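Below: one structure, written as structure tokens.
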Amino acid sequence: MARAVQLARHGIYTTHPNPRVGCVVVQQGEIVGEGWHMRAGEAHAEIYALKAAGQKSAGATVYVTLEPCSHHGRTPPCADALVKAGVSRVVIAMNDPNPQVAGQGIARLKAAGIDVEEGVLQAEAAALNPGFISRFTRSRPFVRCKLAMSLDGRTAMASGESKWITSATARQDVQRLRARSDAIMTGIGTVLADDPQLDVRPAGIDELHVVLVGESQRPPMRVIVDSTLRTPLASRTLELPGKKLIATAVASSEILDVLHQKRVNVCCFSDGSGRVNLPLLLEYLAAHEINELLLEAGPVLSGAMLQAGLIDELIIYMAPHLMGEQGQGLMTLPGLEKMAQRVPLKTQEIRAVGDDWRITLQPEVA
């Protein structure tokens, strides 16, 4: 199963909106076939592994990181393929949260007389698919917030200048976060200040993924949270290929026709007070098959998302320099006046990235 998890990791940048899945076929203690899901619409991991094993699949044990599918989607059911191949045992890391499968694949295998074992390296398999799980269990994407700051917690100088806080190595590392995400979201403040592209540059991606990402037909959706619809029509992110969404709180505007001509989707998610209803926006994104959402925004939107309980993971790149007390802070968190009101975070990992530090944190749930 550890090998199957390793194989599944190969699809980290390319399978969306599908899960990352790996599969290994074992015959008499020897691996005779293995595979992993590469892209949506192409064969699933089990099919590649069974094809590699050939006739040695008969009577074999199959290790797969996710419950085999039992429905006809873009490809036929993998559960049926396992039955047809004559395997004797299937070991599954985790059940599929998709209600179209959700135990039905396991039931189909058992009905065919195949021995099924569940829960082997379940946590490791789940860690590869936080967004896929979140979309089906919480009706919202897994939200990863990326921030860069100086040693004294500043994200920009008082003038607004922010390029570059971190090293080129850290910025390359961010490309990996972007490449694994189904959508990248920012706020109108960042658009007006920095005019970001929010694109994926394969030069920052290592291993075999350079080719796979370069061939990808689905760049991440770009989402701009813009309550009053102030996004400049000449913004760079609007000119790039791929899906674009502006989430606003106004129902009509004179620039709507122009935005539609640029193939920009504009949706109103008003919370009734002139702001964007963030939970409603995330529900919308989940309904449009967004598994993992990367938040790359300024202190206002990042703080609002955190206080709303909508951030699942924080990744902070900290550079070894000081920018002074007049610089812009990491997050805008109104209402915090006492130590008891602090926002608790749990450290998951700290590691060096070039001369910078990458700190991965998880907000603690009360």
Side-chain angles (χ1 to χ4, degrees), residues 17 131 134-135 138-147 155-156 160 162 178 181-200 218-312 328 331-335:
S134 179
R135 176 157 66 93
R138 303 188 298 175
S139 297
R140 72 168 182 83
F142 181 90
V143 178
R144 183 177 288 111
C145 178
K146 185 277 295 183
L147 295 163
T155 61
S162 62
R178 289 183 176 184
S181 303
D182 300 277
I184 305 171
M185 187 167 82
T186 194
I188 181 60
T190 299
V191 172
L192 295 175
D194 299 334
D195 192 20
Q197 295 186 82
L198 303 180
D199 59 345
V200 177
R218 186 182 176 184
M221 178 191 291
R222 299 174 188 88
V223 182
I224 300 173
V225 178
D226 180 3
S227 297
T228 57
L229 214 54
R230 294 181 291 151
T231 301
L233 296 174
S235 298
R236 291 192 297 173
T237 191
L238 300 185
E239 300 299 327
L240 294 173
K243 295 181 179 180
K244 278 114 19 191
L245 169 67
I246 295 180
T248 185
V250 296
S252 61
S253 172
E254 58 184 17
I255 69 169
L256 280 177
D257 288 341
V258 181
L259 288 169
H260 290 154
Q261 289 174 10
K262 288 178 171 287
R263 296 188 177 181
V264 179
N265 186 19
V266 181
C267 293
C268 180
F269 301 97
S270 177
D271 67 355
S273 65
R275 295 185 179 88
V276 170
N277 185 318
L278 296 173
L280 190 61
L281 168 58
L282 294 190
E283 287 182 17
Y284 174 91
L285 293 175
H288 287 77
E289 298 188 316
I290 301 301
N291 291 334
E292 295 184 22
L293 173 66
L294 179 62
L295 177 64
E296 291 195 53
V300 175
L301 180 56
S302 297
M305 289 283 287
L306 184 66
Q307 289 192 310
L310 300 176
I311 291 179
D312 300 299
Q328 184 173 276
M331 283 191 180
T332 300
L333 300 170

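Bear in mind that the values here come from a model prediction, so they are computed numbers and not experimental data. Values below: every heavy atom of this structure, side chains too, minus hydrogens, waters and symmetry copies.
- A distance of 12.0 Å separates CG in D271 from CG in L281, rounded to the nearest 0.5 Å.
- Looking only at side-chain heavy atoms (C-beta outward), D226 and V191 stay at 4.5 Å or farther from each other.
- The pair R222-D199 fails the salt-bridge criterion, with no side-chain N (NZ, NE, NH1 or NH2) lying under 4.0 Å from an Asp/Glu carboxylate O.
- Residues L282 and M305 form a side-chain contact, since some pair of their non-hydrogen atoms from C-beta on lies under 4.5 Å apart.
- Using a 4.5 Å heavy-atom cutoff, the side chains of P196 and R236 are not in contact.
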>> T155 vs Q328, test: side-chain hydrogen bond (donor to acceptor under 3.5 Å, both in side chains). Steps then yes/no.
In response: CA-CA 5 Å; T155 61; Q328 184 173 276; 3.3 Å; yes
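- Nearest heavy atom pair, residue A183 against residue V223, reads CB-CG2, 4.3 Å.
- For the side-chain contact (heavy atoms from CB on, under 4.5 Å) test with L245, the passing option among V266, V225, L285 is L285; the others fail.
- In terms of modelled atom types and a separation under 3.5 Å, the side chain of D182 and the main chain of N291 share a donor-acceptor contact.
- Between R140 and G309, the closest heavy-atom pair is NH2-O, 3.7 Å.
- Nearest heavy atom pair, residue A286 against residue R135, reads O-CD, 3.2 Å.
- Remark: R138 engages D312 in a salt bridge, criterion side-chain N to carboxylate O under 4.0 Å.
- Shown here for A297 and S302, the closest heavy-atom pair between the two residues is O-OG, 3.4 Å.
- In this structure a side-chain-to-backbone donor-acceptor pair under 3.5 Å is missing from R144 to S181.
- For the atom pair CD of Q307 and CE of M331, the computed distance is 9.5 Å after rounding to the nearest 0.5 Å.
- Looking at P141, C145, P279 one by one, the single match for side-chain contact (heavy atoms from CB on, under 4.5 Å) with L310 turns out to be P279.
- Between the CD1 atom in I184 and the CG atom in L295 there is a gap of 11.0 Å [rounded to 0.5 Å].
- Checked by atom type and distance alone, the side chain of T190 pairs as donor or acceptor with a backbone atom of G298 at under 3.5 Å.
- T248 contributes a side-chain N or O that, together with a main-chain N or O of S227, makes up a donor-acceptor pair within less than 3.5 Å.
- Taking the side chain as every heavy atom from C-beta outward, K244 and K262 never approach each other to under 4.5 Å.
- Distance alone, capped at 3.5 Å, is enough to place a donor-acceptor pair between the S235 side chain and the P232 backbone.
- Atom CD1 of I188 and atom CD1 of I224 lie 6.5 Å apart (nearest 0.5 Å).
- Contact between C267 and Y284 at its shortest, heavy atoms only, is SG-OH, 3.6 Å.
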> Please walk me through it: do L238 and L259 pass side chain to side chain contact (heavy atoms under 4.5 Å, CB included)?
Replying inline: CA-CA 9 Å; L238 300 185; L259 288 169; 4.0 Å; yes
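- For the side-chain contact (heavy atoms from CB on, under 4.5 Å) test with I290, the passing option among K243, M185, M221 is M221; the others fail.
- Rounding to the nearest 0.5 Å places NE2 of H260 at 10.0 Å from CD1 of I255.
- With contacts defined as side-chain heavy-atom distances shorter than 4.5 Å, the pair L294/L198 does not qualify.
- Separating the CG atom in L192 from the CZ atom in R230 is a distance of 5.5 Å, to the nearest 0.5 Å.
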